[in-house]
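To start, the structure under review is shown below, and the notes come after it.
Within every chain, numbering begins at 1; the chains are lettered A, B, ... in the order of the sequence lines, protein sequences first and strands thereafter. Below, all heavy atoms of this structure are taken into account, side chains as well, without hydrogens, waters or symmetry copies.
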Amino acid sequence: MPELPEVEVICQGLQSHLLNQTISSVYCSGKDLRIPIDCVALQTELLNSAITSLRRRAKYLLLKTDNGAALIIHLGMTGNLGIFPAGTALKKHDHVCWTLGNNTELRYNDTRRFGSIRLLKPETSSSDEKAFFAAIGPEPLSRNCSTAYLMQRAVNRKQSVKSFLMDSHVLAGVGNIYANETLFKAGIHPEQPASSLSAKQWERVLTVLRKTLKHAIACGGSTISDFVNASGEGGYFQMNFKIYGKTGEPCETCGEIVQKKQVGGRASFYCRKCQPISTNTCDER
DNA sequence: CAAGTTACCTGACGGC
DNA sequence: TGCCGTCAGGTAACTT
């Protein structure tokens, strides 16, 4: 479910509920996520420490406590974090629950268990954090992501531009929905090789991507099936989808029927007229 | 080494 | 009603 905008919305929504709260107990369902959960370690490292910060990097949430420990949380496809009154009934697929000092609980719910919760111990959390995030590409909304950077990374890459945009080692936080939307608005076919885009096209991709991500964050993210923010409210950016999930419908721009095709193993939606497969070799480069 | 494929897991949906 | 196949927002290990 969650791509950069959804994780950002959750992060912002949780801030006021979590900051300065002391963790008084930790519950685990016993089922593992994508990586095993060490419940004993979660208890020993976090108990009676206070949450000092929460921020997003890529699709990860980084939560730090005053004893120097940290959690790196990923929501996978169906993960979510929410605040609930302490003691109320757990829901199906609630896998980790942190009781906080103000009589509330932070709960991690994840139907498919594709998410992950990594615990960084106080002694090594700083270097572990750096190492973990070093492998991930720059934030598309930050200044250190530029047209020049994307062009340079795309040199000699025969891979489709869509897979390239979704590669977390290249760019942080871009998933299937926003890759589809961005390429539609930029007028670029998802299967065009990354190395074949002109400077002008890369500029358009980055501009459109940033605009789309910001718009989605402002809308509270996209709700497909079950996404909700920390207060249990869905986002409404899905109302603004131009191409994602529109198979068989007329293109909003030109009326051509929207196509669906697997690209890099992921469902890809595009308009044949608005996103022509360009074999531009030298003219625009 | 780059790029494509598969596995991880549950649930919703459509066809029969 | 139910059984079966297909599909789903992500990531990383594996294969080619």
For this session: State, without any angle test, whether Ser196(A) and Gln192(A) hold a side-chain donor-acceptor pair at a distance under 3.5 Å.
Result: yes
Using a cut-off of under 3.5 Å, enumerate the N/O to N/O pairs linking the protein to nucleotides 2-6 of chain B.
from, atom 1, to, atom 2, distance (Å)
dA3(B), OP1, Lys158(A), N, 2.6
dA3(B), OP1, Gln159(A), N, 3.1
dA3(B), OP2, Arg157(A), NE, 3.2

List for me each residue that meets side chain to side chain contact (heavy atoms under 4.5 Å, CB included) alongside [X], sequence neighbours excluded, and say none if there are none.
X         : answer
Glu8(A)   : Gln12(A), Arg56(A), Ile217(A)
Glu252(A) : Lys242(A)
Lys260(A) : Thr247(A), Ala267(A), Phe269(A)

Problem set entry | Closest listed nucleotide, where the reference is the side chain of Asn176(A) and the choices are dC8(B), dG9(C), dG11(B) | dG9(C)
Exercise. Phosphate oxygens OP1/OP2 of dT10(B): is one of them under 4.0 Å from a side-chain N or O of Arg113(A)?
Worked result: yes
May I have the list of side-chain donor-acceptor pairs in residues 34-45 of chain A shorter than 3.5 Å, sequence neighbours left out?
from, atom 1, to, atom 2, distance (Å)
Asp38(A), OD1, Val40(A), N, 3.3
Asp38(A), OD1, Ala41(A), N, 3.0
Gln43(A), NE2, Val26(A), O, 2.6
Thr44(A), OG1, Val40(A), O, 3.1
Thr44(A), OG1, Ala41(A), O, 3.2

Problem set entry | Those residues that, when tested against His74(A), pass ring pair (Phe, Tyr, Trp, His ring centres under 6.0 Å) (two or more places apart) | Tyr60(A)
Problem set entry | Set of residues satisfying ring pair (Phe, Tyr, Trp, His ring centres under 6.0 Å) with respect to His95(A), sequence neighbours excluded | none
For this session: Fill in the dot-bracket string of DNA chain B, one character per base: . for unpaired, | for a pair to another strand, ( ) or [ ] for pairs within the strand, taking Watson-Crick or G-U pairs under 3.5 Å.
Result: .|||||||.|||||||
Exercise. CZ of Phe269(A) versus C1' of dC7(C): gap in Å, rounded?
Worked result: 10 Å
Problem set entry | Interatomic distance, Leu171(A) CG vs dG10(C) C1' [rounded to whole Å] | 15 Å
Problem set entry | Pairs involving residues 28-54 of chain A, ordered by first then second residue, that meet ring pair (Phe, Tyr, Trp, His ring centres under 6.0 Å) (sequence neighbours left out) | none
Problem set entry | Rounded P spacing from dC9(B) to dC3(C) in Å | 23 Å
Show me, pair by pair, the donor-acceptor contacts under 3.5 angstrom made by side chains of residues 166-173 of chain A, not counting sequence neighbours?
from, atom 1, to, atom 2, distance (Å)
Asp167(A), OD1, His169(A), N, 2.8
Asp167(A), OD2, Arg157(A), NH2, 3.2
His169(A), ND1, Ala135(A), O, 3.0

Exercise. Under the 4.5 Å side-chain heavy-atom rule for ILVMFWY, direct or indirect, which residues accompany Leu90(A)?
Worked result: Tyr27(A)
Restricting to nitrogen or oxygen on both sides, can you table the protein-nucleotides 11-14 of chain C pairs closer than 3.5 Å?
from, atom 1, to, atom 2, distance (Å)
dT11(C), OP1, His74(A), NE2, 2.5
dT11(C), OP2, Lys59(A), NZ, 2.8
dT11(C), O2, Arg34(A), NH1, 3.2
dT11(C), O2, Arg34(A), NH2, 3.3
dA12(C), O4', Arg34(A), NH2, 2.9

